[in-house]
Number of protein chains: 2
Amino acid sequence: MTEPSTPLDQQLWDFVYGYDAAYDRAAQTAGLSAAQACLLDRLTAGTSSMGELATALLCDASNVTQLVARLEARGLVTREPDAADRRVKRVSITPAGRHEHRAVRQAFDLPAEMLDRLSAEEQQQLSRLLAKMRAPSTS
Amino acid sequence: MTEPSTPLDQQLWDFVYGYDAAYDRAAQTAGLSAAQACLLDRLTAGTSSMGELATALLCDASNVTQLVARLEARGLVTREPDAADRRVKRVSITPAGRHEHRAVRQAFDLPAEMLDRLSAEEQQQLSRLLAKMRAPSTS
DNA sequence: TATTGTTATACTCTATAACTATA
DNA sequence: TATAGTTATAGAGTATAACAATA
């Protein structure tokens with residue numbers, strides 16, 4: 001595809017741009033960066049090792065060390081050696097961390113606002129289109 | 001909306017996450033950060049003042065000064081005082097800058113890949129849904 | 001010897017506050 | 001006095017390379 005830029009391309013760009021900006025603002029209302037909020041979000045499903053976080057966040061392990069260190073200093077996460085393999089650190093979210101995470105969730109109202117503009121049928125349509133775009137070419 | 005997270009919410013998140021990551025990678029192939037690539041993209045439509053760039057990029061003017069300084073040092077943009085109002089600086093993209101910008105465009109193949117999985121009719125559907133989500137509530 | 005995580009370092013992004021030049 | 005942009009500074013995100021601890 002060598003075409004410079006179709007209107008639909010631009011629509012996608014604008015959508016992502018707005019979504020990102022809204023998430024940044026939401027995180028800031030809780031005094032968090034977007035990266036910190038993402039990390040907390042990951043931990044709401046359960047504990048992770050540092051390496052698992054690095055994989056999930058698509059970044060280097062040394063970066064996770066710093067992110068976790070800052071969150072730990074604020075009491076939002078804990079970091080404890082794994083009993084089975086003491087090289088591994090288990091990172092968990094604290095009650096205070098869950099509180100901040102909830103604040104971000106509440107402040108991040110853009111997706112809800114957007115989806116409220118669609119009927120139930122349109123939401124199903126959108127879901128189908130997103131799934132199809134996401135599918136591997138050979139599906 | 002106090003519901004924790006619907007599947008469609010998650011689909012939107014994943015879509016944006018993948019789009020962002022792909023853009024970062026595309027910019028990196030040209031040795032640029034995402035912010036630098038965005039700035040170059042803005043300039044392809046014509047020159048901008050520093051203030052216009054700050055507005056477009058949703059960031060502080062002092063940030064634009066640094067972004068432009070780095071791009072200028074690499075010969076990708078020029079910065080010249082406006083003839084009419086010498087407080088204003090006009091920033092322009094150079095041929096070398098256009099070359100790097102094209103490289104990013106080519107490397108950023110995710111949108112094209114995704115849209116190729118949709119029929120023309122589905123693309124129209126998607127365009128309509130995006131427009132509707134974007135519209136102000138009173139439209 | 002291989003793996004997990006940390007430390008040291010460096011660069012970029014970003015904002016705030018103080019400043020310069022121009023209007 | 002008000003505006004456009006810069007400079008100084010500081011904190012955060014990010015990666016690479018070297019390292020320590022554990023397996």
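Remember, predicted model here, so these are calculated numbers, not experimental data. Convention: sequence-line order gives letters A, B, ...; per-chain numbering from 1.
Between D/dA15, C/dA15, D/dT6, one nucleotide has an atom nearer to the side chain of A/Asp60 than all others, and that is D/dA15. Of all nucleotides listed (C/dC13, D/dG5, D/dT14), D/dG5 comes nearest to the side chain of B/Ser49. Out of C/dC13, C/dA15, D/dT14, the shortest distance to the side chain of A/Cys59 is found at D/dT14.
As rounded to whole Å, 14 Å separates atom P of C/dT7 from atom CG of A/Asn63. Here the C1' atom of nucleotide D/dA15 and the CZ atom of B/Arg25 are 16 Å apart, to the nearest Å. Protein atom CG of B/Leu39 is 14 Å distant from nucleotide atom C1' of C/dT12, rounded to whole Å. If you measure from atom CD of A/Glu52 to atom C1' of C/dG5, you get 13 Å, rounded to the nearest angstrom. Between A/Arg90 atom CZ and C/dT4 atom P there is a gap of 12 Å when expressed in whole angstrom units. At whole-Å resolution of the value, CG in B/Leu57 and P in C/dA15 are 10 Å apart. One atom, CD of B/Gln28, and another, C1' of C/dC11, lie 13 Å apart when rounded to the nearest Å. Rounded to a whole Å, the CD atom of A/Glu80 is 18 Å from the C1' atom of C/dT6.
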Take A/Arg117 and A/Glu122 through the test salt bridge (charged side-chain N to carboxylate O under 4.0 Å, His left out) and record every step on the way to the result.
CA-CA 9 Å; A/Arg117 296 191 188 117; A/Glu122 286 169 332; over 6 Å; no
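Surrounding CZ of B/Arg42 are at most 12 heavy atoms belonging to other residues, nucleotides or ligands under 6.0 Å away. Within a 6.0 Å radius of CD in A/Gln124, no more than 12 heavy atoms belonging to other residues, nucleotides or ligands are found.
B/Ser62 contributes a side-chain N or O that forms a donor-acceptor pair with the base of C/dT16 under 3.5 Å.
Between B/Ala61 and A/Leu67, the residue anchored nearer the 5' end of DNA chain D, judged by the nucleotide with its closest heavy atom, is B/Ala61. For the pair A/Gln66 and A/Val88, nearest-nucleotide mapping onto DNA chain C gives the more 5' position to A/Val88.
When only modelled atom types and interatomic distance are considered, A/Asp24 and A/Gln28 share no side-chain donor-acceptor pair under 3.5 Å. Using modelled atom types and a 3.5 Å distance limit, the side chains of B/Ser92 and B/Glu80 yield no donor-acceptor pair.
Between A/Arg79 and C/dG5, a side-chain N or O to OP1/OP2 separation shorter than 4.0 Å is absent.
Hydrophobic clustering, with ILVMFWY side chains joined whenever heavy atoms are under 4.5 angstrom apart, keeps B/Leu67 apart from B/Val88.
Considering every non-hydrogen atom in both B/Ala37 and B/Tyr23, the closest pair reads CB-OH, 3.3 Å.
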Under 3.5 Å, N/O pairs linking protein and nucleotides 18-23 of chain D:
from, atom 1, to, atom 2, distance (Å)
D/dA23, OP1, A/Arg86, N, 3.0

